[in-house]
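Atom set for the values below is all heavy atoms of this structure, side chains included, hydrogens, waters and symmetry mates excluded.
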Amino acid sequence: MKKKKINLRDLDTKEHKREHSHDDGHNHSSPESIGKFKIYVPAIFSFVMLIIGIAMDYFDVAFFKDWIRIVWYAVAYLPVGFPVIKEGWNSIKNGDFFTEFLLMSIATIGAFAIGEYPEGVAVMLFYAVGELFQNAAVNRAKSNIKALLDVRPNEALVYRNNDYVSVNPETVEIGEKVQVRVGEKIPLDGVLLSEKGSFNTAALTGESKPDTIAKGEKVFAGIINLDGVIEIETTKEFKDSSIARILDMVQNATARKSKTELFIRKFARIYTPIVVFLAIGLTFIPYFFVDDYIFSDWLYRALIFLVISCPCALVISIPLGYFGGLGAASKNGILFKGASFLDEMTKITTVVMDKTGTVTKGVFKIKEIKAIDWKEPEFMKYLMAMEEQSTHPIAKAIMEYKANGEDFRATEVTEVAGKGLKGTVNGKTVLVGNKALMTSNNITVPSQTDIIVESIVMVSIESKFAGYVIIADELKEDAHEAIKQIRESGISKIIMLSGDKDSITQQVAKEMGVDWAKGGLLPEDKLAEVQKLMAKTDNKVAFIGDGINDAPVLAASDVGIAMGGLGSDVAIETADVIIQTDQPSKIARAIKIGRSTRRIVWQNIGLAFGVKAVVLILGAGGLATMWEAVFADVGVALLAILNAVRLQKMSWN
């Protein structure tokens, strides 16, 4: 199934929100609900007409004869039959002759030709119901996917005519001055005009730690301003910006991905010509072996054979199996964007995952506190008194430490650019920052800190090193369990690719026990690494990510899996599978559900084909009528329904 391309011109968040707003959730007469009901009208109409027609046949109603009877069943046939005949004709025009559409058309028109009108309608009605099941399965999954289309900034505050005016970023020219407020995304690539700024770059780079950028340095569209109002000067038009480039990569990667076809379409290409040629043979070959050969009798038998051969039960049982799989996955917080991806999940041999936001929470927490010659609570009070003056995300993480520091006050706090803070707490001189701050103030730092790869906040009190605090992104609670379950599901290789620092990526990978890891990657680097893996014979790759920087890889991989709870909009829109709960352990469950679904589908195929083969043989020998074939299909369909329902009751813990 080909993935949806993202149209940059249609990504209007406000309009999207307006379109999806509801007053109370009880507007049953909305245009959308009416539109959905219309889909079922043809099948309902044909079913009612068929039942009434069969009843009039059964009770031998006087007027229900000759042309009235023919017209009645023709009217019942057209709503479900015409779309199939049209599809078959279009397929023939495109050079694809042997499809299930052609078989359905020949068989049901043949039924009318030999006077078996109810059977012709019933066979086509079964097909229509099967298609409705398939469409309902896919639509149900899609309706649960909330594509939050605020992919790009939709406005820019540009300095024009001595004032800042809000305009569409696409209208901003190179060299214009743009203002960005706290919490807003930078709309275009440029250079920073303000003295400095703190930015969340995770959407583009995957870097979990906020990045401090100084005046004159480059800033990129899509990163979020965390601290204070800033100004930038644009260096690129929007169409050439970093975020537009990534979206373009998504589109190109999507276009390269081949369309996945469900089994029935492939099966029909083999099954249909065999059945058609057998019917032709059944009409003419007996001429050479039967003494009292009568052409009309054998033509009649061949047409019955064609009607019996319609893969109605197959067409119903297969979508039913996928419908059950999609429903079971949805109940488990896993959304598949199409039934074909349930199949693809069963073929995965390599799982590649992002780090930040995928296996980690993407939120800073205190990992370790090391106080030297101070008691930890008192040491932390000095540190917190200083960090209270800062709005940096690391400072916020430190302030979450539980300590009553009301009697500790920081005064004369100044910021040392790129190094940290200097101030006085309760009469003592305190330095808080990185190693460069300590060194520049002649503070001796223990060598043990050199091997620490995470963010580290060092503290000195009265010109003496007092300790440090390690701040790190936390692993999700089920991260270790996720790796364990993925391995248990039979995946041979687990790889981690991240935009975060390679040292941090390697540490997280080692802690989790993945096979291989690489950090410091740009979006195009991730894409290149995954394409190398996909180039290997018999290697099917699933990629798991959550950021805009992951979108190109999600689109290009065999199966793209996005973290839907906190994931970026482009990632959710591009992926094939969405983990709604943000739990990486659901990845293994998605694989298991895919395998269970495939097993159920093959059981249904075996059942449907087995019964069909028996009835076909009886039909060729003149021992089965079309009604027997239709009732055989009904029985198979009911068994298929019951078998598919089992998926809703299964547990994959």
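Contact check for W652 versus M650: side-chain heavy atoms found under the 4.5 Å cut-off. Side-chain contact between L497 and W516 is present, with at least one heavy-atom pair separated by less than 4.5 Å. Looking only at side-chain heavy atoms (C-beta outward), I561 and I587 come within less than 4.5 Å of each other. At a threshold of 4.5 Å between non-hydrogen side-chain atoms, the residues W89 and L102 do not count as touching. Contact annotation: the side chain of P118 approaches that of R69 to within less than 4.5 Å [non-hydrogen atoms, C-beta and beyond]. For the pair V351/I495, no side-chain contact is recorded, criterion being any heavy-atom separation below 4.5 Å from C-beta on. Residues L335 and V577 are not in side-chain contact: their nearest non-hydrogen atoms beyond the backbone lie 4.5 Å or more apart. Proximity of M345 to D558: side-chain heavy atoms (C-beta onward) are nowhere separated by under 4.5 Å.
Summarising the geometry, atom CD1 belonging to I544 is positioned 9.0 Å from atom OG belonging to S557; distances are rounded to the nearest 0.5 Å. The OG atom of S651 sits 8.0 Å away from atom CG of N332, with the distance rounded to the nearest 0.5 Å. Taking CZ of F543 as the start and CD1 of I348 as the end, the distance is 13.0 Å to the nearest 0.5 Å. In this structure, I334 CD1 and K592 NZ are separated by 10.5 Å, a value rounded to the nearest 0.5 Å. Note that CZ of R599 is 11.0 Å distant from OG1 of T346, once rounded to the nearest 0.5 Å. Taking CG of L554 as the reference point, atom OG1 of T574 lies at 6.5 Å (rounded to 0.5 Å).
By the 30° and 60° cut-offs, the orientation of the rings of W298 relative to Y293 is parallel.
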Acceptor/donor pairs from residues 73-85 side chains to any protein atom, 3.5 angstrom cut, sequence neighbours excluded:
from: Y73; atom 1: OH; to: G53; atom 2: O; distance (Å): 3.0
from: Y73; atom 1: OH; to: I54; atom 2: N; distance (Å): 3.3
from: Y73; atom 1: OH; to: D57; atom 2: OD2; distance (Å): 2.7
from: Y77; atom 1: OH; to: T108; atom 2: OG1; distance (Å): 2.7

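By the salt bridge (Lys or Arg N to Asp or Glu O under 4.0 Å) test, D60 is found to be paired with K65, residues two or more places apart in sequence or in another chain being considered. Looking at residues two or more places apart in sequence or on another chain, you find no ring-ring contact (aromatic ring centres under 6.0 Å, His included) involving F45. T350 pairs by the side-chain hydrogen bond (donor to acceptor under 3.5 Å, both in side chains) definition with N539, not counting sequence neighbours. Scored by the side-chain contact (heavy atoms from CB on, under 4.5 Å) test, R487 finds I483, I494, D515 as partners (sequence neighbours excluded).
At most 12 heavy atoms of other shown residues, nucleotides or ligands fall within 6.0 angstrom of atom CZ in F47. Sparse packing is recorded around CD1 of I285, with 12 or fewer heavy atoms of other residues, nucleotides or ligands lying under 6.0 Å away.
Salt bridge status for K347 with E344: present, with a side-chain N to carboxylate O gap under 4.0 Å.
Note on residues 292-308: no pairs pass salt bridge (Lys or Arg N to Asp or Glu O under 4.0 Å), not counting sequence neighbours.
The minimum heavy-atom distance between A279 and A302, with the atom names listed, is O-CB, 3.4 Å. Minimum interatomic distance between G281 and P286 (heavy atoms only, all atoms of both residues): O-CD, 3.4 Å. Contact between P42 and I39 at its shortest, heavy atoms only, is CD-O, 3.5 Å. A328 and L647 make their closest contact through CB-O, 3.5 Å (heavy atoms, listed as atom of the first residue, atom of the second, distance).
When only modelled atom types and interatomic distance are considered, R598 and Q603 share no side-chain donor-acceptor pair under 3.5 Å.
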Intermediate values then yes/no, side chain to side chain contact (heavy atoms under 4.5 Å, CB included), I600 and R646 = CA-CA 9 Å; I600 292 289; R646 290 198 302 124; 2.9 Å; yes
query = So D538 and T349, side chain to side chain contact (heavy atoms under 4.5 Å, CB included) or not? Walk me through it.
reply = CA-CA 8 Å; D538 299 326; T349 58; over 6 Å; no
request  = May I have the step-by-step check of side chain to side chain contact (heavy atoms under 4.5 Å, CB included) for K526 and E529, ending in yes or no?
outcome  = CA-CA 5 Å; K526 283 187 183 182; E529 291 291 343; 5.8 Å; no
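Taking the six-membered ring for Trp and the full ring otherwise, F341 and F336 have centroids separated by 6.0 Å or more.
A side-chain donor-acceptor contact under 3.5 Å links W72 to the backbone of M49. Proximity of a side-chain donor or acceptor of S489 to a complementary backbone N or O of I486 within less than 3.5 Å is detected.
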